[in-house]
Amino acid sequence: MDSPDWLRTQLTSFTCPACGRRYRGSRIRLLAERDGLYFVDLDCSRCSSHTIAIVTVETDESEIAIIDASDIERALSAEPDHLGEDLPAGAAPVTADDVLEMHEFLADFEGDMRKLLAA
């Protein structure tokens with residue numbers, strides 16, 4: 001799924017948190033959009049790090065403002081209490097690759113929840 005050109009243009013002002021390079025439009029992918037939230041994959045051309053951002057777009061009649069929900073301080077202040085708990089034995093944290101893999105799986109999935117849980 002490709003991001004709309006207007007969103008891609010706006011997001012090129014974002015910089016990679018690892019190395020500080022601005023993201024190139026060709027390395028920005030819209031993963032999903034739900035209720036005004038854009039789930040975006042940002043791929044750095046310099047250091048090859050991936051960032052998954054949740055972006056909201058606020059519009060008024062004179063301008064468009066983009067708010068990046070991947071801001072570390074804001075994310076930490078909004079962190080639910082249970083995130084500090086240890087994982088169950090044998091469990092691994094969910095990675096960005098896991099999320100992308102599930103997104104691709106669900107994009108082609110046809111069926112209801114019962115069929116999904118049986119897969």
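This chain uses plain numbering: 1 for the first residue, then up along the sequence.
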For residues 92-99, run the donor-acceptor check on the side chains, cut-off 3.5 Å, and write out each pair with its distance to 0.1 Å, sequence neighbours left out.
from, atom 1, to, atom 2, distance (Å)
Thr95, OG1, Asp97, N, 3.4
Thr95, OG1, Asp98, N, 3.1
Thr95, OG1, Asp98, OD2, 3.2
Asp98, OD2, Thr95, N, 2.9

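Qualifying side-chain hydrogen bond (donor to acceptor under 3.5 Å, both in side chains) partners for Tyr38, counting only residues two or more places apart in sequence or in other chains: none. Under the side-chain contact (heavy atoms from CB on, under 4.5 Å) criterion, Ala91 pairs with Leu87, Pro88, sequence neighbours left out. Residues that satisfy the side-chain hydrogen bond (donor to acceptor under 3.5 Å, both in side chains) test with Arg22, not counting sequence neighbours, are absent from this structure. Remark: Asp108 engages no residue in a side-chain contact (heavy atoms from CB on, under 4.5 Å) (not counting sequence neighbours).
Put simply, the side chain of Ser49 reaches to within 4.5 Å of the side chain of Cys16, judged on heavy atoms. Side-chain contact check for Thr12 versus Tyr23: every heavy-atom pair is 4.5 Å or farther apart.
Note that the CD1 atom of Ile52 and the CG atom of Leu100 stand 4.5 Å from one another [nearest 0.5 Å]. Taken from CZ in Arg21 to OG in Ser45, the straight-line distance is 4.0 Å, to the nearest 0.5 Å.
Residue pairs satisfying the salt bridge (charged side-chain N to carboxylate O under 4.0 Å, His left out) criterion with at least one member in residues 42-52, sequence neighbours excluded, are listed as follows: Arg27-Asp43.
Remark: the backbone N or O of Asp41 is not paired with any side-chain donor or acceptor of Arg29 at under 3.5 angstrom.
Nearest heavy atom pair, residue Phe14 against residue Leu42, reads CD2-CD1, 4.1 Å.
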